[in-house]
Structures are given as C-alpha cells and as structure tokens.
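Structure record follows, encoded as structure tokens.
Heavy-atom basis, side chains included; hydrogens, waters and symmetry copies ignored. Computed from a prediction, not measured in an experiment: that's the story for all the values here. The residues of the chain are indexed from 1 along the displayed sequence.
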Amino acid sequence: MFPVSAADSVSLAIQRTREFLFRPFQWGTYLKLGLVAIITEGVGNNFHSSSQHGGHGMGSGSTGFSPSSLTPECIAVIVAAVLLALVLALFVLYLITRLRFTYFHCLIHNVRQLRPGWQIYRAQAMRFFWLNVMVGLCFLLLIALVAIPFATGFWRVYQESQHGGHFDVGLMLALVLPLIPIILLLVLAGVLADLILRDGMLPHFALDNATAGEAWATVRAHIRAEKRQFFVYALLRVILPTIATIGLFILLLLPGLGLAAALASVEFAFHSIFADATGASMFVGLLLKIFFGVVAFVFALLAGICIGGPVSTAIREYALIFYGGRYQVLGNILYPPAPLPPTESGTPRFA
C-alpha cells in the first residue's frame with residue numbers, strides 16, 4: 001500500500017466503512033458491530049476524569065465533615081468500596097482493550113465475526129492494557145503535581161470565605177484564569193497520547209507482537225519522517241468526528257423529538273389514567289409505564305448505535321488507512337498487493 005495523505009484517507013475510510021457495515025446489510029450484524037464500535041471508540045478513551053464537587057451549598061453555619069467522626073467500621077467499608085470500584089474499573093478497561101483488538105481484526109480483514117479477533121490477540125491485548133494503565137497513572141500523577149499549587153490557593157479562598165463571611169471573587173479569578181491554559185494543555189496532551197497509543201502503537205502490538213519500546217520507536221520514526229502529514233492527520237482525526245456527529249444529530253433531531261414527544265404523551269396519559277388507581281389497576285398502570293419506558297430506552301439505544309456506529313467505524317478506518325500507508329505490514333493487509341505475472345517457471349510473483 002502506498003502512503004496516502006491525511007486528506008485523501010478520508011474518502012477511503014468512508015468507502016471501507018460503507019463496504020464493511022452495509023455490503024451486505026444485516027440488521028443484527030450492523031447493530032452488533034455498531035455497538036462494539038461505540039464502546040471502543042466512543043466511551044473507551046484512555047483519559048477520562050471524573051469531576052468531584054465538594055463544599056457546595058455549605059454556609060458558615062454548616063458543621064461540615066470531620067474525619068474524626070469516622071468509625072473503624074466506616075473506614076473499612078470505604079476502603080473496600082474503593083478497592084472494589086478500582087477492580088471493576090480495571091476489568092472494564094481490560095474488556096474494552098480486548099474489544100479494540102477484536103474490532104481491529106475485523107476491520108483490517110473485513111470480517112464480521114468477533115470471536116477470532118477476541119482469541120488471537122489475548123496476550124497482545126493484556127500487554128497493551130497494562131501500558132494504558134501505566135500511561136494513565138503517569139497522566140494522573142502529572143495532573144496531581146500541577147494541581148497542588150492551585151489546591152492550596154483554593155483552600156485558602158475557602159477558609160477566608162468561611163471566616164470572613166464573604167467570597168473573594170478577585171482572588172478566585174486570579175486562581176482560575178491561569179488554570180485555563182494549563183487545562184487546555186493537559187487535554188491536548190491526553191488527546192495526543194491517545195492518538196499515539198491507539199492509532200500508532202496498537203497495530204504494532206497486534207501484528208508484530210512488539211513491545212512498548214519497539215512500537216513507540218517505530219511510531220516516533222514515522223512521525224519524524226512526515227511531521228506535516230501527521231499534524232494534519234491529528235487535526236482531522238479530532239475535527240471530522242465532531243462535525244460528523246453534529247451533522248447526524250441535526251439530521252435526526254426532528255424525528256427524534258417527534259418520537260420522544262409521542263412516548264412522553266403516552267407516559268403522561270397512562271400516569272393520568274392510573275393516578276388514583278389502587279390494587280390490581282395500580283399494578284397494571286405501573287407495568288404499562290415501565291413497558292413504555294423500556295421502549296423509549298430501546299429506541300434511544302438504537303438511535304445511538306445507528307448514529308455512533310458508522311461514525312466510530314469510520315474513525316478507526318481512517319486511522320488504519322493513514323497509518324497503513326506508512327506501516328507496510330498493515331497496509332498490505334488492508335489492500336493486498338496485486339500478483340504480478342508468473343515467472344518462466346510458473347511461480348507467481350507479488351508487487
């Protein structure tokens with residue numbers, strides 16, 4: 001496969017997505033692949049941060065939280081809950097990583113069965129999973145180091161507001177404004193790390209069984225050789241999915257609102273009919289409301305898969321095509337070289 005520019009890879013990605021999902025079209029297979037695509041591209045990002053809000057709505061007369069009020073039993077329960085949540089989060093991340101390798105196998109070989117890819121790349125997915133964990137921990141450590149100076153400032157503002165009875169807006173702005181460019185830089189670093197890991201290093205893990213160092217060295221060499229193309233690719237890789245999602249959302253907005261209004265009307269009607277019901281009638285009304293609630297959820301899920309499935313698949317196809325033009329092993333799988341005329345001895349040759 002010859003190198004393809006970042007711009008030209010877009011049309012090829014759309015073409016391969018159309019062939020993979022719609023030729024031939026089968027609803028069951030389409031929904032299955034669309035759901036896997038959303039999981040691996042939509043919710044399985046390497047860097048997700050959960051915002052924690054504390055101290056909101058606490059006046060000067062609030063008693064607040066005191067660590068001394070915790071009993072040993074409460075501390076044990078909290079520690080156990082945190083450990084359980086951590087184990088579940090790591091397990092989910094591992095499953096998402098396995099699915100990424102599985103979908104990678106489906107896309108490069110243009111097959112729709114998930115089981116082969118799930119079994120083939122077990123060892124590679126495990127090593128890539130731990131690499132993601134280490135990168136994520138380093139990223140969290142970086143965030144913590146950056147946040148320490150600001151955390152002390154925010155704590156000082158909070159204490160002064162508690163003691164003085166008024167909130168110092170000027171001091172808060174002085175803390176928040178310098179934090180904005182730092183947050184943007186951290187987001188940019190997270191996006192770049194995600195692109196390098198999933199779009200560059202994952203194919204080497206899967207096809208070469210490479211180590212993290214070997215994969216990173218190869219990706220870095222490709223980036224150094226074509227800095228401009230990789231820069232354009234990174235921009236399009238972020239911008240195009242956003243534009244596609246917004247366009248599809250606008251296209252399906254009116255039908256979705258109509259369906260939502262119809263389901264809401266049915267729910268409201270049943271609520272009005274069975275508002276004063278008792279006994280068996282109340283139970284029947286509850287079942288009907290649950291049924292239409294489930295119907296609404298199923299329609300929302302189907303709409304999400306129908307919108308997000310093709311977009312997520314096209315994202316991965318775009319990454320594979322662009323990098324496949326630089327990584328010969330991947331490129332030859334995506335577009336097998338045409339055989340040349342046989343030699344005089346009858347042995348076939350390949351381009």
Evaluate the criterion side chain to side chain contact (heavy atoms under 4.5 Å, CB included) for residue pair Thr40 and Arg198; output intermediate values, then yes/no. CA-CA 10 Å; Thr40 56; Arg198 286 201 284 170; 5.7 Å; no
Please report the C-alpha distance between Val238 and Val191 in whole Å, then the side-chain angles of each, then the deciding distance to 0.1 Å, and finally whether the side chain to side chain contact (heavy atoms under 4.5 Å, CB included) criterion is met. CA-CA 9 Å; Val238 174; Val191 171; 3.9 Å; yes
Output, in order, the C-alpha distance, side-chain angles, deciding distance and verdict of side chain to side chain contact (heavy atoms under 4.5 Å, CB included) for Leu114 and Leu33. CA-CA 9 Å; Leu114 298 176; Leu33 296 176; 4.1 Å; yes
Take Arg316 and Asp199, measure what side chain to side chain contact (heavy atoms under 4.5 Å, CB included) needs, and give me the verdict at the end. CA-CA 8 Å; Arg316 188 50 36 203; Asp199 298 359; 2.9 Å; yes
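Considering Phe101, Tyr121, Tyr94 as possible partners of Phe128, the one that fulfils the ring-ring contact (aromatic ring centres under 6.0 Å, His included) test is Phe101.
Aromatic ring pairs are classed by plane angle as parallel below 30°, tilted from 30° to 60° and perpendicular above 60°; the pair Phe22 and Phe25 is parallel. Using cut-offs of 30° and 60° for the angle between ring planes, the Tyr323 and Tyr327 rings count as tilted.
For the pair Arg23 (side chain) and Arg18 (backbone), a donor-acceptor distance under 3.5 Å is absent. One N or O on the side chain of Gln229 and one on the backbone of Ala6 form a donor-acceptor pair closer than 3.5 Å. A distance-only check finds a donor-acceptor pair linking the side chain of Arg16 to the backbone of Leu107 [under 3.5 Å]. No donor-acceptor pair under 3.5 Å is formed between the side chain of Tyr318 and the backbone N or O of Ile14.
Linking Ile, Leu, Val, Met, Phe, Trp and Tyr residues whenever their side-chain heavy atoms come within less than 4.5 Å places Leu99 and Phe91 in a single cluster. Linking ILVMFWY residues whenever their side-chain heavy atoms come closer than 4.5 Å, directly or via other members, leaves Ile321 and Phe231 in distinct clusters. Hydrophobic clustering (side-chain heavy atoms under 4.5 Å, transitive across Ile, Leu, Val, Met, Phe, Trp, Tyr) keeps Ile223 apart from Leu235. There is a path of hydrophobic side-chain contacts, each under 4.5 Å, that joins Val298 to Ile305.
For Thr211, the side-chain contact (heavy atoms from CB on, under 4.5 Å) partners two or more places apart in sequence, or in a different chain, are Glu214.
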